[in-house]
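Below, all heavy atoms of this structure are taken into account, side chains as well, without hydrogens, waters or symmetry copies.
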Amino acid sequence: MLDPKTQDRYYNYILTYIQIITTSWEELEKRCKKLRSWNIKIGRKDYMYFATKTWVTLVNKNTTLELTFVFNTEEWSTYFETEHLHSFIESDLNVSGLWRYFTPNKVARAELYNQCLEELLKQDTIQKKDGGFVILNEEEY
């Protein structure tokens with residue numbers, strides 16, 4: 001049985017990740033057509049981005065927080081890939097120093113993340129799609 005606090009924390013990571021994607025993907029997609037890497041300001045934070053035609057990686061210049069995602073093409077949902085989401089979580093744990101409160105074993109943390117994903121699938125909060133997952137926009141609010 002999964003700890004409810006862990007499940008909530010994981011879901012909050014998904015929502016944070018999705019919120020960043022939905023607020024920045026259109027501008028990034030336009031910029032990436034011109035330059036494959038450059039500096040960008042999102043909100044009040046300075047980032048550097050690296051991109052291909054289908055995905056982009058943002059790196060916060062101050063904290064080195066890393067976020068990689070696939071450009072969103074659906075109006076009703078946001079697509080995310082497990083490895084990108086989990087890299088974002090690991091990056092945030094390292095930046096914030098919160099890794100001290102989790103098991104130091106990255107493999108064990110990955111197993112915990114997968115359990116959280118499975119639970120969210122059972123609850124129909126997220127759905128599988130094309131080797132990744134989608135979350136409906138209505139779930140974000």
Side-chain angles (χ1 to χ4, degrees), residues 1-33 35-141:
M1 180 73 179
L2 202 54
D3 176 32
K5 287 183 180 181
T6 301
Q7 181 66 36
D8 289 345
R9 203 172 311 128
Y10 185 82
Y11 185 63
N12 285 333
Y13 267 117
I14 290 176
L15 293 179
T16 300
Y17 180 77
I18 296 302
Q19 182 182 25
I20 294 169
I21 293 171
T22 57
T23 59
S24 60
W25 78 270
E26 289 182 63
E27 181 182 353
L28 278 166
E29 187 176 40
K30 287 176 193 172
R31 284 183 177 229
C32 292
K33 288 179 182 177
L35 295 169
R36 292 288 175 210
S37 65
W38 198 251
N39 298 321
I40 186 171
K41 190 174 217 82
I42 298 176
R44 295 181 182 175
K45 297 179 180 171
D46 293 322
Y47 290 86
M48 179 166 227
Y49 71 84
F50 307 93
T52 68
K53 289 183 180 184
T54 57
W55 60 265
V56 65
T57 296
L58 286 170
V59 178
N60 183 305
K61 291 178 117 181
N62 295 328
T63 63
T64 65
L65 177 66
E66 181 183 318
L67 173 95
T68 300
F69 61 88
V70 175
F71 290 123
N72 194 25
T73 57
E74 302 284 342
E75 291 183 26
W76 55 273
S77 66
T78 303
Y79 176 83
F80 64 94
E81 293 178 342
T82 309
E83 65 187 58
H84 293 160
L85 173 64
H86 294 172
S87 291
F88 168 69
I89 294 171
E90 288 292 320
S91 178
D92 186 60
L93 290 175
N94 287 331
V95 166
S96 65
L98 291 174
W99 58 269
R100 294 185 302 253
Y101 304 109
F102 291 85
T103 176
N105 186 330
K106 191 174 179 176
V107 174
R109 285 194 308 269
E111 180 60 34
L112 182 66
Y113 298 155
N114 290 333
Q115 289 175 15
C116 290
L117 273 176
E118 289 300 319
E119 190 62 36
L120 290 171
L121 280 169
K122 287 179 196 173
Q123 296 171 6
D124 207 28
T125 305
I126 61 174
Q127 300 164 0
K128 283 191 176 188
K129 180 181 180 184
D130 300 334
F133 299 92
V134 292
I135 183 168
L136 299 178
N137 291 349
E138 62 194 38
E139 291 289 339
E140 297 175 38
Y141 303 104

When rounded to the nearest 0.5 angstrom, what distance separates OH in Y13 from CD1 in I18?
15.0 Å

Got a sec, which residues hit side-chain contact (heavy atoms from CB on, under 4.5 Å) with Q127, two or more places apart in sequence or on another chain?
D124, V134, L136

Residue list, side-chain contact (heavy atoms from CB on, under 4.5 Å) with N39, at least two apart or on another chain:
M48, K61

Would you indicate whether the side-chain heavy atoms of F80 and I126 approach each other to under 4.5 Å?
yes

I'd like to check the ring-ring contact (aromatic ring centres under 6.0 Å, His included) partners of F88; sequence neighbours left out, ordered by chain and number.
Y17

H86: ring-ring contact (aromatic ring centres under 6.0 Å, His included) partners, not counting sequence neighbours:
Y10, Y113

Could I get the full list of salt bridge (Lys or Arg N to Asp or Glu O under 4.0 Å) partners for K41, not counting sequence neighbours?
D46

With sequence neighbours excluded, residues passing ring-ring contact (aromatic ring centres under 6.0 Å, His included) with Y79:
none

Do you know the tightest heavy-atom contact between I135 and T125?
CG1-O, 3.9 Å

Roughly how far, to the nearest 0.5 Å, is the CG atom of L112 from the CD1 atom of I89?
9.5 Å

Between the side chain of D130 and the main-chain N/O of G132, is any donor-acceptor distance below 3.5 Å?
no

Of all residues at least two apart in sequence or in a different chain, which pass the side chain to side chain donor-acceptor pair (under 3.5 Å) check with W55?
T52

Could you work out, with ring-ring contact (aromatic ring centres under 6.0 Å, His included) as the rule, every residue matching F69, not counting sequence neighbours?
none

Give, for atom CD of Q7 and atom NZ of K5, the distance between the pair rounded to the nearest 0.5 Å.
14.5 Å

For T68, which of T57, L85, V59 qualifies under side-chain contact (heavy atoms from CB on, under 4.5 Å)?
T57

Under the side-chain contact (heavy atoms from CB on, under 4.5 Å) test, which residues partner K128, sequence neighbours left out?
L121, F133

Using the salt bridge (Lys or Arg N to Asp or Glu O under 4.0 Å) criterion, which residues pair with E119? Sequence neighbours excluded.
none

d(I21 CD1, L67 CG) to nearest 0.5 Å is 6.0 Å

Criterion side-chain contact (heavy atoms from CB on, under 4.5 Å) on L93 and E90, from CA distance to verdict:
CA-CA 5 Å; L93 290 175; E90 288 292 320; 4.3 Å; yes

Identify, with sequence neighbours excluded, every residue that meets side chain to side chain donor-acceptor pair (under 3.5 Å) alongside S91.
none

Before you tell me yes or no, could you show the steps for L58 and L28 under side-chain contact (heavy atoms from CB on, under 4.5 Å), namely the whole-Å CA-CA distance, both residues' side-chain angles and the distance that decides it to 0.1 Å?
CA-CA 10 Å; L58 286 170; L28 278 166; 3.9 Å; yes

List the steps and the verdict of side-chain contact (heavy atoms from CB on, under 4.5 Å) for Q123 and L120.
CA-CA 5 Å; Q123 296 171 6; L120 290 171; 3.9 Å; yes

Tell me, please, which residues at least two apart from E27 pass side-chain contact (heavy atoms from CB on, under 4.5 Å).
R31, I40

Evaluation steps, side-chain contact (heavy atoms from CB on, under 4.5 Å), between E29 and V56
CA-CA 8 Å; E29 187 176 40; V56 65; over 6 Å; no

